[in-house]
Amino acid sequence: MAISLCFSPLTSTPKHYSRIPLYKPINPIITLTTPKILNSNFKKVNCVPENSHNLSVIQEKPRWENWVSIAESLYPVYVTVGGVVACLKPSTFSWFVKCAPTSYSLGLWFIMLAMGLTLEIKELTNLLLQKPLSILFGCAAQYTIMPTLGMILSKILGLPPSISVGLILLACCPGGTASNVVTLIAQGDVPLSIVMTTCTTIGAVVLTPMLTMILAGTYVPVDAVKLSISTLQVVVAPILVGSYLQHKFPKVVKKITPFAPLLAVLAISLVSASVFSENVGRLRSSVVGMSFSSDLPLLSRAQNVLASEFGLVAVSVASLHFAGFFLGYLSAALAGFSEPQRRAVSIEVGMQNCTLGVVLATSHFSSPEVALPAATSVIIMNILGSCLGFFWRCINPTQPKSSLEVTDKS
């Protein structure tokens, strides 16, 4: 994000100068006097917001860090490729599936640890103090809009009990780290997205089991206490460990931190593809059995596919995320938030921590169908989220945004 400064002369009659971007020459030592035509060898760098009176220059990242950031932003590609491989050759991930659910839990533990390594408690506290209303609104939207949608969709679509429980469990999960990547692509408020993900993840210890028990308890017995313990072990504990390591060994963690998001993205992709490969056989057989058993017209075959187990899961999951994106944006717009904040809230509400849903489903429910919505969501959610992110990337926000500050609605 290129941000410009306004220069004013120190003497003489005030004049109006057009805003010019701040540049940095190849030689690191430079003295700026009055605004003049800048040398063509100067390199453009990010600077302070234009309404700031402090002149500060942020040095560009090393090239290898930019490459790591680019690799991290390709998360939707990794998940999509993993889903395709899981469909074509499920045995590719059999080595990881054989150790499930322990392998899934350890994978999620590693993902949350990487998140903790990049989380500075001091910065989190500052963000909480700067924009409490935005964060509170986003968290409330996350745990009201999505669980309600999960329950309504399971009723409207007439889903079987096991799939209904899986959809509601998925809807009650917190926002995932993938939402931060998509928010960055969409030119949304990334700091707000990160702090909402952190807060909803910590709140998941209580809210996810409680909401699942209330909304899905009519289908199957739900042990909220065991769900809470599992959530605490695989989500909150590694985040706290990561934050402690960052505080205790800052020099070591500083060398690891640039790679932590990429490693987390790869771990999410591995867990997602493995879970999908474990269930793809039954899903594929249900589609084949219903849609290709006879020579039917194309429309009839499509109707059969939608009526199959795979069709029910796909339609319910796609509807859940699509409605979550829409209602998240609409609620933030009605609340009067700026465009970058609306995008952040929309993406945060619409994208769930599917990995947590899979871990809880495989660990606490006997029916394997409970994990199907979360496993299918891994692919559908990231495709929908990525499409939305790239769509918004082509539309500049109507209000200027700063990566360092979010203003609450007064």
Side-chain angles (χ1 to χ4, degrees), residues 1-3 21-28 40-48 56-85 92 107-108 110-120 123 176-191 193-194 197-198 238 242 245-246 249-273 340 343-344 347 351 355 378-379 381-383 385-394 396 401-404:
M1 178 179 65
I3 308 178
L22 183 65
Y23 286 76
K24 177 182 176 183
I26 296 177
N27 188 345
S40 59
N41 291 329
F42 289 177
K43 294 182 179 180
K44 191 175 182 180
V45 298
N46 291 331
C47 186
V48 294
S56 62
V57 178
I58 304 174
Q59 295 183 352
E60 289 182 321
K61 290 183 178 180
R63 181 173 295 181
W64 65 268
E65 284 195 25
N66 291 329
W67 283 110
V68 171
S69 298
I70 293 173
E72 173 193 343
S73 65
L74 295 177
Y75 165 70
V77 177
Y78 304 147
V79 173
T80 304
V81 171
V84 172
V85 173
T92 305
L108 181 60
F110 177 80
I111 294 165
M112 294 296 106
L113 177 64
M115 179 179 175
L117 290 175
T118 59
L119 177 65
E120 293 186 9
E123 289 187 0
T177 54
S179 63
N180 309 146
V181 178
V182 175
T183 301
L184 177 64
I185 295 173
Q187 301 185 76
D189 193 322
V190 178
S193 176
I194 293 173
T197 299
T198 305
L245 292 176
Q246 184 192 72
F249 308 101
K251 293 183 179 180
V252 177
V253 172
K254 187 177 180 180
K255 296 180 180 180
I256 302 174
T257 299
F259 302 96
L262 177 59
L263 294 175
V265 162
L266 295 176
I268 294 173
S269 303
L270 174 60
V271 173
S272 303
R343 297 181 183 185
I347 294 169
M351 300 189 72
T355 311
V378 170
I379 308 299
M381 177 191 73
N382 285 286
I383 292 176
S386 301
C387 291
L388 179 61
F390 283 111
F391 170 77
W392 267 332
R393 190 173 186 83
C394 300
N396 289 328
K401 61 182 182 298
S402 168
S403 62
L404 302 177

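As the structure is a prediction and not an experimental result, all values here were calculated from the model.
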Report yes or no: does [X] contribute a side-chain atom to a donor-acceptor pair with the main-chain N or O of [Y] at less than 3.5 Å?
X: Arg343; Y: Trp392; result: yes
X: Tyr78; Y: Leu270; result: no
X: Thr257; Y: Val253; result: yes

Give, for atom [atom1] of [X] and atom [atom2] of [Y], the distance between the pair rounded to the nearest 0.5 Å.
X: Ile111; Y: Leu263; atom1: CD1; atom2: CG; result: 11.0 Å
X: Asn66; Y: Ile70; atom1: CG; atom2: CD1; result: 6.5 Å
X: Thr183; Y: Ile347; atom1: OG1; atom2: CD1; result: 4.0 Å

Among all residues two or more places apart in sequence or in another chain, which pass the ring pair (Phe, Tyr, Trp, His ring centres under 6.0 Å) test with Phe391?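 Phe391 satisfies ring pair (Phe, Tyr, Trp, His ring centres under 6.0 Å) with no residue once adjacent residues are dropped.
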Check whether any side-chain heavy atom of Phe110 lies under 4.5 Å from a side-chain heavy atom of Pro238, and answer yes or no.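 No; the side chains remain at least 4.5 Å from each other.
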Which atom of Ser179 lies closest to which atom of Thr197, heavy atoms considered: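 For Ser179 versus Thr197, the nearest heavy atoms are OG-OG1, 3.5 Å.
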Restricting to non-hydrogen atoms, name the atom on Ala114 and the atom on Ala264 that form the minimum distance, rounded to 0.1 Å. CB-CB, 3.9 Å
Between Val182 and Met351, does the side-chain contact (heavy atoms from CB on, under 4.5 Å) criterion hold? Intermediate values first, please. CA-CA 9 Å; Val182 175; Met351 300 189 72; 3.7 Å; yes
Which residue is it: Ile383, Val265, Ile379? I am looking for the one with a side-chain contact (heavy atoms from CB on, under 4.5 Å) to Val79. Ile379
